[in-house]
Amino acid sequence: MAPISTSELALRLTALEATGAVRRTMSRYMDLCDVPRAAFAPEALASLFSDNAIWEGTGPEYSGKFGRIEGKEAILAMLCSYLPPSPHFRRNIHLLGEGHITVAGETAAGSWIMQQLSEYQDGDQDLILARLIVDFDIRNGNAAISHFRTEQLFSRTPSSAHITEPATPDLQNPKEYR
């Protein structure tokens, strides 16, 4: 294996740091969109987006439901319409898969599968899987969302599924675990 130059190491380190910044931004975004929470700070959510960011729903379910929102303030207004003090969600949690991130200079792009479990104020519930494709601007060690795209892949109402309690296993009979 040929030795790696100092400039190549610097590029790799920069890409690694940008990847970490992207992961922190996405983790913070999901955390801020979870309900309930002790306090919601709209400015913390706004800080995750570039000034001219785009947030859009894609695919048959989300293009009509969410459309395309342009600009940090418009995105924040849309997101805040779902978050406290809005009574939309009683509970809402996001789980983000590992994803894939590519860094190119001062930009990055990532794709993830997100699971969202929601309970609304009226008692209805949803289990949603969506594909997120997100572009970022990388500046001073931070990743700002420049284009956020979400496409619903799967949706179920958990209360419509037949749920039974698991049987208590017979620990004396190992065949039960096959």
Side-chain angles (χ1 to χ4, degrees), residues 16-59 61-101 103 106-159:
L16 186 61
E17 289 172 342
T19 299
V22 164
R23 290 191 195 288
R24 285 188 300 278
T25 296
M26 288 301 291
S27 179
R28 185 70 175 139
Y29 176 85
M30 294 298 149
D31 178 58
L32 289 170
C33 291
D34 289 346
V35 175
R37 55 181 315 101
F40 175 67
E43 61 279 357
L45 191 55
S47 74
L48 302 177
F49 290 89
S50 64
D51 289 337
N52 57 349
I54 299 167
W55 195 106
E56 73 179 304
T58 63
E61 289 85 3
Y62 281 179
S63 60
K65 180 177 181 177
F66 295 115
R68 180 180 171 106
I69 300 114
E70 297 185 21
K72 182 190 296 195
E73 296 307 317
I75 293 168
L76 184 60
M78 181 275 295
L79 293 173
C80 285
S81 73
Y82 292 97
L83 299 170
S86 166
H88 185 75
F89 291 114
R90 183 179 298 156
R91 285 187 279 273
N92 190 39
I93 187 81
H94 297 82
L95 306 169
L96 198 60
E98 177 67 19
H100 177 76
I101 299 166
V103 176
E106 293 186 341
T107 63
S111 63
W112 294 266
I113 298 297
M114 176 199 71
Q115 182 178 3
Q116 180 178 350
L117 301 130
S118 304
E119 181 178 19
Y120 304 96
Q121 286 299 332
D122 65 5
D124 285 349
Q125 300 174 341
D126 273 328
L127 165 62
I128 297 169
L129 294 175
R131 180 183 334 278
L132 306 180
I133 298 175
V134 186
D135 300 330
F136 301 85
D137 293 327
I138 309 295
R139 302 280 187 274
N140 302 318
N142 295 309
I145 298 168
S146 59
H147 195 166
F148 186 102
R149 293 173 293 284
T150 180
E151 176 185 10
Q152 184 181 44
L153 303 175
F154 176 87
S155 178
R156 277 294 175 265
T157 303
S159 58

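This structure is a prediction, so every number in the text was calculated from the model and none was measured.
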**Q** Does any non-hydrogen side-chain atom of M30 lie less than 4.5 Å from one of L132?
**A**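 When only atoms from C-beta onward are counted, M30 and L132 do touch, with a gap below 4.5 Å.
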**Q** Answer whether the closest heavy-atom distance between the side chains of V35 and R91 falls below 4.5 Å.
**A**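 No - every pair of side-chain heavy atoms lies 4.5 Å or more apart.
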**Q** Kindly compute the distance separating NZ (K72) from CG (L48), expressed to the nearest 0.5 Å.
**A**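 Interatomic distance, K72 NZ to L48 CG, rounded to 0.5 Å: 9.0 Å.
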**Q** Supply the atom-to-atom distance H88 NE2 to Y82 OH, rounded to the nearest 0.5 angstrom.
**A**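 Result: 6.0 Å between the selected atoms.
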**Q** Return the SG to CZ distance between C33 and R28, rounded to the nearest 0.5 Å.
**A**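 Output value for this atom pair is 10.5 Å.
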**Q** Take F136 and I145 through the side chain to side chain contact (heavy atoms under 4.5 Å, CB included) test and state the conclusion after the steps.
**A** CA-CA 5 Å; F136 301 85; I145 298 168; 3.7 Å; yes
**Q** Using side chain to side chain contact (heavy atoms under 4.5 Å, CB included) as the criterion, list what pairs up with D124, not counting sequence neighbours.
**A**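 Only Y120, D122 meet the side chain to side chain contact (heavy atoms under 4.5 Å, CB included) criterion with D124.
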**Q** Does the R24 side chain pair with the main chain of G20, one donor and one acceptor, at a distance under 3.5 Å?
**A**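 Yes; judged by distance alone, with no hydrogens or angles, the pair exists.
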**Q** Using a strict 4.0 Å threshold on nitrogen-to-oxygen distance, state whether R68 and E70 make a salt bridge.
**A**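 Counted as a salt bridge, because a side-chain N and a carboxylate O are separated by less than 4.0 Å.
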**Q** Please give me the minimum heavy-atom distance between Y62 and A130, naming the atom from each residue.
**A**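 For Y62 and A130, the tightest heavy-atom pair comes out as CE1-CB, 4.4 Å.
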**Q** Do other residues, nucleotides or ligands put more than 12 heavy atoms under 6.0 Å from the CZ atom of R131?
**A**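 Open.
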**Q** Measuring from atom CG of L96 to atom CE of M114, what distance do you get when rounded to the nearest 0.5 angstrom?
**A**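 So the CG of L96 and the CE of M114 are separated by 8.0 Å.
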**Q** Using the side chain to side chain contact (heavy atoms under 4.5 Å, CB included) rule, take D135 and R149 through it: C-alpha gap first, then chi angles, then the decisive distance, then the call.
**A** CA-CA 9 Å; D135 300 330; R149 293 173 293 284; 3.3 Å; yes
**Q** Would F40 and C80 satisfy side chain to side chain contact (heavy atoms under 4.5 Å, CB included), going step by step from the backbone distance to the final call?
**A** CA-CA 9 Å; F40 175 67; C80 285; 3.6 Å; yes
**Q** Do you know which two heavy atoms are closest between R156 and F154, and how far apart they sit?
**A**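 Looking at all heavy atoms of both residues, the shortest contact is CG-CZ, 3.2 Å.
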**Q** Are any non-hydrogen side-chain atoms of W112 and I101 less than 4.5 angstrom apart?
**A**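 Result yes, sub-4.5 Å side-chain heavy-atom pair found.
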**Q** Please tell me if the side chains of E98 and R23 come closer than 4.5 Å, counting only heavy atoms from C-beta onward.
**A**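 In contact.
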**Q** Under the side chain to side chain donor-acceptor pair (under 3.5 Å) criterion, do Q116 and N92 qualify, and how do the steps go?
**A** CA-CA 7 Å; Q116 180 178 350; N92 190 39; 3.0 Å; yes
**Q** Calculate, to the nearest 0.5 Å, the distance between atoms CZ and CD1 belonging to F49 and I69 respectively.
**A**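 Rounded to the nearest 0.5 Å, the CZ-CD1 separation comes out at 9.5 Å.
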**Q** Please report the shortest heavy-atom distance between T25 and A143, naming the atom on each side.
**A**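 Where T25 meets A143 most closely, the heavy atoms are OG1-O, 2.7 Å.
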**Q** Do the side chain of S50 and the main chain of A144 share a donor and acceptor less than 3.5 angstrom apart?
**A**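 Side chain of S50 to backbone of A144: no pair is present.
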**Q** State, yes or no, whether a side-chain contact exists between L32 and R37 at a heavy-atom distance under 4.5 Å.
**A**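 SC-SC contact between L32 and R37 confirmed.
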**Q** If every non-hydrogen atom of L129 is compared with every non-hydrogen atom of Q115, which pair is closest and at what distance?
**A**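 That closest heavy-atom pairing would be CD2-CB, 3.6 Å.
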**Q** Do T58 and T150 come within less than 4.5 Å of each other through their side chains, counting heavy atoms only?
**A**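 Side chain of T58 against side chain of T150, heavy atoms only: no contact under 4.5 Å found.
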**Q** Taking D126's backbone N and O only, do any of them form a donor-acceptor pair with S118's side chain (distance below 3.5 Å, no angle check)?
**A**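 A pair under 3.5 Å: no.
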**Q** Would you compute the distance between atom CD of E56 and atom CD1 of I54 and round it to the nearest 0.5 angstrom?
**A**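 Spacing of CD (E56) from CD1 (I54) equals 7.0 Å.
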**Q** Under 3.5 Å, is there a donor-acceptor pair between the side chain of Q121 and the main chain of F89?
**A**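 Judged by distance alone, yes, a pair lies under 3.5 Å.
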**Q** Just so I know, are the side chains of L16 and V103 near enough to count as touching, which here means a heavy-atom distance under 4.5 Å?
**A**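 Heavy-atom side-chain distance check fails, nothing below 4.5 Å.
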**Q** Decide yes or no for L76 and L45: does some side-chain heavy atom of the first lie under 4.5 Å from some side-chain heavy atom of the second?
**A**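 Yes, side chains in contact.
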**Q** Using the six-membered ring wherever Trp is involved, compare the ring planes of Y29 and F148 and label them parallel, tilted or perpendicular (cut-offs 30° and 60°).
**A**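 Rings of Y29 and F148: tilted, 30 to 60°.
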**Q** Given 3.5 Å as the limit, does a donor-acceptor pair link the side chain of N142 with the main chain of A21, or not?
**A**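 Pair absent, no side-chain N/O of N142 close to backbone of A21.
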**Q** Report the C-alpha distance between L95 and L117 in whole Å, list the side-chain angles of each, state the deciding distance to 0.1 Å, and finish with yes or no for side chain to side chain contact (heavy atoms under 4.5 Å, CB included).
**A** CA-CA 8 Å; L95 306 169; L117 301 130; 4.0 Å; yes
